[in-house]
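Order of listing sets the numbers, starting from 1, for every ligand and every atom in it. Position 1 is the first residue of the sequence, and the numbers go up from there.
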Amino acid sequence: MKKLFLVSALLPAVMAFSQQHGGMWMPTELNEAEMKKLGMKISAKQIFDPSKPSIKDAVAQFDGGCTSEVISPKGLLLTNHHCGYDDIQRHSTVENDLLTNGFWAKNMNEELPNPGVTVDFIADIKDVTTEITAGTQGLSGENLEKKINQNIELYKNAQKIENYQKIIVKSMYYGNKYYAYIIDTYKDVRLVGAPPSSIGKFGSDTDNWVWPRHTGDFMLFRIYADKNNKPAEYSKDNVPFQPKHFLPISIKDKKEGDFTFVFGFPGRTTEYLPAVAVEKIMNETDPAMISMRDAALKILDEKMRTDDATRIKYASKYARVANYWKKWIGEVEGLKKSQAVQKKKQYEQQLIAKNPAIKPTIEQLNRLYNEQAPYALNRAYYLELLRNAETLTLANIYLGYLQNAKDGRADAQYLNRLKSHLKSFYKDYDAQLDAQVTAKLFVLYTEKTPKEFLPSGFKNDFKVSNQNTILESMEMFFSANSIITGRKAFNGSTVYSDIDKVFSDQKALLEALEKDPFITLMKDLKLVYSETTESKFTQYQTQIDRLQKTFMAQQMETDKERRFFPDANSTLRVAYGTIKGSDPRDGVKYNYQTHLKGVMEKYIPNDYEFNVPQKLISLYQNKNYGVYADKTGEVPVNFTATNHTTGGNSGSPVLDARGNLIGLNFDRQWEGTMSDINFDPRFSRNIMVDTKYILFIIDKFADSKWLIDEMKIVK
Ligand code: ARG
Ligand code: ASP
């Protein structure tokens with residue numbers, strides 16, 4: 001308390017310890033007392049119990065990224081529309097455009113299989129710090145890391161697990177603790193229902209990361225298991241999975257102050273970085289990445305708006321690129337506004353005052369981050385170039401093939417994987433459109449990159465000083481010289497029409513690829529990058545990581561008043577808070593809830609972001625809401641709360657005091673997206689789809705009462 005008092009003289013209401021109000025907690029180590037004080041009516045054991053059915057048995061990681069939850073005794077699975085977006089895109093064509101029209105199976109036979117999609121449940125979590133750090137006393141650096149990895153392998157091999165299970169060991173607090181996870185992976189996951197994009201993605205990129213929000217971002221799948229209810233590969237003989245627990249769905253009205261918790265798989269946060277690291281993100285790497293994506297998105301957007309085939313091809317890719325582009329913009333603003341760097345600096349001084357051993361840690365971190373900065377910046381540009389300039393992405397894939405062939409590693413299995421990867425790449429690739437993107441980003445990259453980080457012969461092929469020349473010369477290559485862009489035929493076929501045929505004469509193909517202009521370009525670029533930038537970056541990063549472990553331990557030893565949670569690392573966590581609006585700016589007050597009338601307020605007929613389906617308009621006009629309206633007489637659509645969430649929490653169940661589902665997490669509000677680095681309870685809010693809206697759409701819009709009948713509704 002005394003400490004809080006001291007700093008409050010220097011800073012507005014919220015202290016360096018604002019994270020105290022956030023947190024993504026291990027489900028095995030919950031702050032039960034505080035949760036109950038906020039209103040929770042169940043016990044921590046009911047949330048996570050490895051030996052008895054508990055809420056965790058209804059929560060699963062969806063396809064390695066998002067979260068999902070089981071909402072019926074027949075394995076019905078709820079997640080976000082944007083989490084299943086790739087799957088629905090894969091089932092879509094211009095003629096049968098499920099993205100635009102939505103999809104609703106009328107019965108189980110109509111559910112669509114999604115090969116490759118997996119759903120992971122956590123069977124158990126164990127603190128294995130003792131086992132993993134055994135025999136590491138006195139070791140440091142590489143020797144320590146080697147020993148730890150050996151211990152992890154030893155531990156994993158010693159465990160008895162079922163053939164459908166796997167174990168992973170995760171480091172927490174930057175290597176100060178280790179936890180083991182036993183995971184059940186289900187592989188037969190079928191698409192059951194998806195609203196049209198004009199509901200599931202309503203507001204699209206304009207509204208993304210923004211409150212007030214009106215998006216029905218949900219989608220339904222079903223998990224299938226073998227006859228013994230165990231995970232199995234897809235088979236039409238599989239049966240609907242019977243979960244140990246499924247979530248009852250509440251359609252009670254919500255009010256501000258109600259307790260909520262989010263149970264899911266947050267991907268990555270970095271809440272314990274030194275001030276200098278935050279400064280670099282805010283002033284250097286985030287702006288660099290933003291500028292590259294800015295350029296790419298503008299070019300794509302123009303064509304997507306006018307051409308349907310391009311829109312479908314690029315829909316998912318565009319959304320993914322735009323998503324973090326916009327998040328970083330919000331993050332930079334939020335870091336500034338929440339004075340994250342100053343707060344961290346002050347916090348560091350307070351820590352040093354209590355524990356002088358922290359001083360050298362901070363000083364070294366400052367030095368390392370400053371020395372690393374030019375490499376980190378170039379790396380940011382390079383990775384964005386490689387990701388967004390698709391022709392270079394392609395060239396890099398082929399470069400891998402050339403290398404593997406040289407090393408004798410291009411066996412049949414590798415080739416099959418490569419060909420199927422390429423087939424799906426070409427399915428969604430428009431060489432002509434990308435010529436513009438690649439040229440533009442390439443110019444930007446060369447402008448932003450110090451000479452010594454660029455290949456010396458560069459200017460021979462592409463005159464960096466003159467943008468038109470680059471564009472022209474690139475387009476020339478696109479139209480004539482390159483096999484990989486599909487403009488030049490090979491073996492009587494092109495990469496678009498028949499990959500198998502192109503690959504049928506490998507010897508000749510390898511020779512031709514060696515001479516491909518884009519592969520040559522990529523090779524030069526990559527070589528210089530890895531020699532000048534990557535190696536240096538990694539050298540520094542290794543040292544930084546080791547020091548960060550020390551710094552983390554020092555923070556935990558020194559700041560006894562703060563409750564620490566491990567940074568998110570795609571493991572199962574619980575965040576809790578209350579339903580709440582916010583006052584993000586002077587003169588602006590956000591309500592905690594939006595309604596269907598707000599959808600209609602945003603409606604722009606036939607707009608690709610704000611169109612509203614006719615049927616929803618009729619339901620609205622006739623006030624045909626059934627049991628799904630709230631006390632205002634309207635159907636609630638989205639709401640906000642103070643839960644600390646991040647990427648990966650999408651699709652997470654949001655539960656009430658009794659463990660009933662009240663919302664589906666899908667986003668955060670713009671003013672608070674710096675929560676990955678500096679959670680600030682004044683601005684950081686998670687955004688959820690109201691369960692009433694989800695059920696309303698399933699019931700009234702999609703006429704899929706058979707799904708509602710499977711669920712347990714709490715009124
Ligand atoms: N911002 C949310 C999240 O990070 C939703 C993204 C999907 N929507 C989009 N327009 N890209 O994933
Ligand atoms: N939209 C994010 C997700 O996909 C959630 C977030 O970043 O708040 O996981």
Side-chain donor-acceptor contact under 3.5 Å, Thr391 with Asp434
yes

Return the option from His82, Lys327, Arg668, His644 holding the heavy atom at the smallest distance from atom 8 (O) of ligand 2.
Arg668

More than 12 non-hydrogen atoms from neighbouring residues, nucleotides or ligands closer than 6.0 Å to NZ on Lys580, yes or no?
no

Around Lys326, counting heavy atoms of other residues, nucleotides and ligands shown, do more than 12 lie under 6.0 Å from its NZ?
yes

Just to confirm my output: which protein heavy-atom neighbour is closest to atom 2 (C) of ligand 1, and how far is it?
Asp667 OD1, 3.2 Å

With heavy atoms of Phe666 as the reference, note each atom of ligand 2 found under 4.0 Å away.
1 (N), 2 (C), 5 (C)

Are the ring centres of Tyr628 and Tyr693 closer than 6.0 Å?
no

Quick one: does Ser204 get within less than 4.0 Å of ligand 1, heavy atoms only?
yes

Would you say the ring centers of Phe701 and Phe696 fall short of 6.0 Å from each other?
no

Would you please indicate yes or no on a ring centroid separation below 6.0 angstrom for His214 and Phe202?
no

Are Asp567 and Arg573 within salt-bridge range, i.e. N to O under 4.0 Å?
no

If we number the atoms of ligand 1 from 1 as shown, the ones under 4.0 Å from a heavy atom of Ala319 are 11 (N)

Judging by distance only, is a nitrogen or oxygen of Gly648 under 3.5 angstrom from one on ligand 2?
yes

Return yes or no for this condition: an N or O of Asn323 is under 3.5 Å from an N or O of ligand 1.
yes

Count the heavy atoms belonging to other residues, nucleotides or ligands that lie under 6.0 Å from NZ of Lys615, then report whether that count exceeds 12.
yes

State whether the shortest distance between N or O atoms of Arg320 and N or O atoms of ligand 1 falls below 3.5 angstrom.
no

What atoms in ligand 1 come closer than 4.0 Å to a heavy atom of Asp205?
9 (C), 10 (N), 11 (N)

Atom 2 (C) of ligand 2: nearest protein contact (heavy atom, Å):
Ser650 OG, 2.8 Å

In terms of ring plane angle, is the pair Tyr186 and Phe121 parallel, tilted or perpendicular, where the classes change at 30° and 60°?
perpendicular

Please list, in number order, the atoms of ligand 2 under 4.0 Å from a heavy atom of Trp209.
7 (O)

Are Phe265 and ligand 2 in contact, using a heavy-atom cut-off of under 4.0 Å?
no

Look at atom 5 (C) of ligand 1 and say which protein heavy atom is nearest, naming residue and atom and giving the distance to 0.1 Å.
Asn208 OD1, 3.4 Å

Using a heavy-atom cut-off of under 4.0 Å, does the side chain or the backbone of Thr646 touch ligand 2, or both, or neither?
backbone

With nothing but distance in play, are any N or O atoms of His82 less than 3.5 Å from an N or O of ligand 1?
yes

Just to verify, which of Val637, Asp667, Thr640 counts as forming a side-chain contact (heavy atoms from CB on, under 4.5 Å) with Arg213?
Asp667

